[in-house]
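First the structure, in the form of structure tokens, and then the observations on it.
Whatever order the structure lists ligands and atoms in, that order sets their numbers, starting from 1. What you see is a predicted model, and the numbers here were worked out from it, not measured in a lab.
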Amino acid sequence: MSPAAGGRLAAALSNAGALGIIGTGSRDAPESILRDADDFRASAGEKRFGIGLMSWAVAARPELLDAAIAARPFAISLSFGDPTPHVKKVHDAGIQVISQVQTRASALVAEAAGVDLIVAQGTEAGGHTGDVGTLPLLQIVLDAVKLPVVAAGGIATGRGLAAVLAAGAAGAWIGTPFLVAEEARTSERARERFLRSDESQTTLTSVFDRAQDIPWPHEFRGRALANDFSARWNGREDALSASPDAKNELLEQKRKENYDVAFLYAGQSVGTLHAVRPAADIAREIADGAEPLLRNAASVLG
Ligand SMILES: Cc1cc2nc3c(=O)[nH]c(=O)nc-3n(C[C@H](O)[C@H](O)[C@H](O)COP(=O)(O)O)c2cc1C
């Protein structure tokens with residue numbers, strides 16, 4: 001969730017009792033990972049945190065994984081691609097491995113690779129994801145693997161957390177609600193756009209990757225706020241790849257923060273966001289909201 005999820009946001013969440021994760025981008029400098037880890041420790045000391053990496057990006061730029069290991073997190077997430085080649089190196093450094101999966105097949109690959117925790121990421125999620133909804137995927141993955149499974153995609157309130165815990169998930173992995181947290185590296189203009197978007201206004205698209213020549217594997221598209229640019233180019237990705245004008249337009253409008261053209265990745269739970277708040281308050285509200293619902297669900301059984 002780069003650049004929104006830097007060391008400050010991760011620290012606020014780890015201080016609140018969650019496991020804060022620092023997001024990295026495929027083109028980030030390795031030093032920025034170390035800077036975020038320093039920022040984390042400046043606010044949260046030696047509390048646990050994670051670093052999120054994309055397996056396909058690590059395959060092309062192993063220095064990203066080396067920097068993540070040097071930052072000494074509690075866990076490294078290796079998602080979007082086979083984590084197998086990297087698991088031993090991370091374990092040898094005494095670091096746990098998490099892997100986000102989007103299908104039963106990729107869950108089985110992650111389990112066989114020896115990861116410690118699986119995140120079943122449904123298509124409702126913000127950022128890059130697969131095509132299967134969180135609830136069907138969670139049921140399928142929980143039945144397919146022996147490892148603990150955490151649910152991701154569309155969980156933003158106590159209701160969502162209660163639902164996945166009741167289904168057997170070990171927890172929830174949450175991104176979109178924290179895009180508007182006070183500690184997120186999100187601009188004012190972007191926050192304002194998130195807050196006025198509803199659940200029907202996202203699109204699962206590869207156009208923003210194609211326009212930036214970012215080589216995401218084709219099975220992963222990104223869930224972003226739908227805008228004029230996505231409407232114009234969805235379904236015409238090859239023409240977009242061949243259009244320097246369109247690529248320049250995206251770059252230019254990104255600089256100007258014109259989000260009718262530039263992208264803002266966000267999940268369907270964007271429709272639950274109403275205010276900018278400290279990350280700890282958002283996390284506590286989700287956790288506290290789940291508790292009475294779970295008690296009530298138990299009481300249904302008598
Ligand atoms: C803006 C944004 C960027 C993201 N980028 C990444 C990423 O680079 N790597 C990754 O593993 N997950 C990424 N994610 C997905 C999260 O890890 C997580 O699956 C997702 O946020 C959970 O669903 P939710 O957004 O509905 O809460 C991103 C999510 C968002 C919102």
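For Asp288, the side chain to side chain donor-acceptor pair (under 3.5 Å) test picks out no residue, with sequence neighbours left out.
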N or O contacts of ligand 1 with protein under 3.5 Å, please list pair by pair.
{"unit_1": "ligand 1", "atom_1": "5 (N)", "unit_2": "Met1", "atom_2": "N", "d": "3.3"}
{"unit_1": "ligand 1", "atom_1": "11 (O)", "unit_2": "Gln100", "atom_2": "NE2", "d": "2.8"}
{"unit_1": "ligand 1", "atom_1": "12 (N)", "unit_2": "Gln100", "atom_2": "NE2", "d": "3.3"}
{"unit_1": "ligand 1", "atom_1": "17 (O)", "unit_2": "Gln100", "atom_2": "NE2", "d": "3.1"}
{"unit_1": "ligand 1", "atom_1": "17 (O)", "unit_2": "Trp173", "atom_2": "NE1", "d": "3.0"}
{"unit_1": "ligand 1", "atom_1": "19 (O)", "unit_2": "Gln100", "atom_2": "OE1", "d": "2.7"}
{"unit_1": "ligand 1", "atom_1": "19 (O)", "unit_2": "Gln121", "atom_2": "NE2", "d": "3.0"}
{"unit_1": "ligand 1", "atom_1": "21 (O)", "unit_2": "Gly175", "atom_2": "N", "d": "3.4"}
{"unit_1": "ligand 1", "atom_1": "23 (O)", "unit_2": "Gly153", "atom_2": "N", "d": "3.3"}
{"unit_1": "ligand 1", "atom_1": "25 (O)", "unit_2": "Gly126", "atom_2": "N", "d": "3.0"}
{"unit_1": "ligand 1", "atom_1": "25 (O)", "unit_2": "Thr176", "atom_2": "N", "d": "3.1"}
{"unit_1": "ligand 1", "atom_1": "25 (O)", "unit_2": "Thr176", "atom_2": "OG1", "d": "2.6"}
{"unit_1": "ligand 1", "atom_1": "26 (O)", "unit_2": "Gly154", "atom_2": "N", "d": "2.7"}
{"unit_1": "ligand 1", "atom_1": "27 (O)", "unit_2": "Gly175", "atom_2": "N", "d": "2.8"}
{"unit_1": "ligand 1", "atom_1": "27 (O)", "unit_2": "Thr176", "atom_2": "N", "d": "3.2"}

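Transitive grouping of hydrophobic side chains (ILVMFWY, heavy atoms separated by less than 4.5 Å) brings Val90 and Leu147 into a common cluster.
Using a 4.0 Å cut-off between charged nitrogen and carboxylate oxygen, Glu192 and Arg189 do not count as a salt-bridge pair.
The salt bridge (Lys or Arg N to Asp or Glu O under 4.0 Å) pairs that include a residue from residues 263-283 are Arg277-Glu285, where partners are two or more places apart or lie in different chains. Applying the salt bridge (Lys or Arg N to Asp or Glu O under 4.0 Å) rule to pairs touching residues 220-236 yields Asp131-Arg221, Arg232-Glu249, sequence neighbours excluded.
In Arg159, the CZ atom is not crowded: 12 or fewer heavy atoms of neighbouring residues, nucleotides or ligands sit closer than 6.0 Å.
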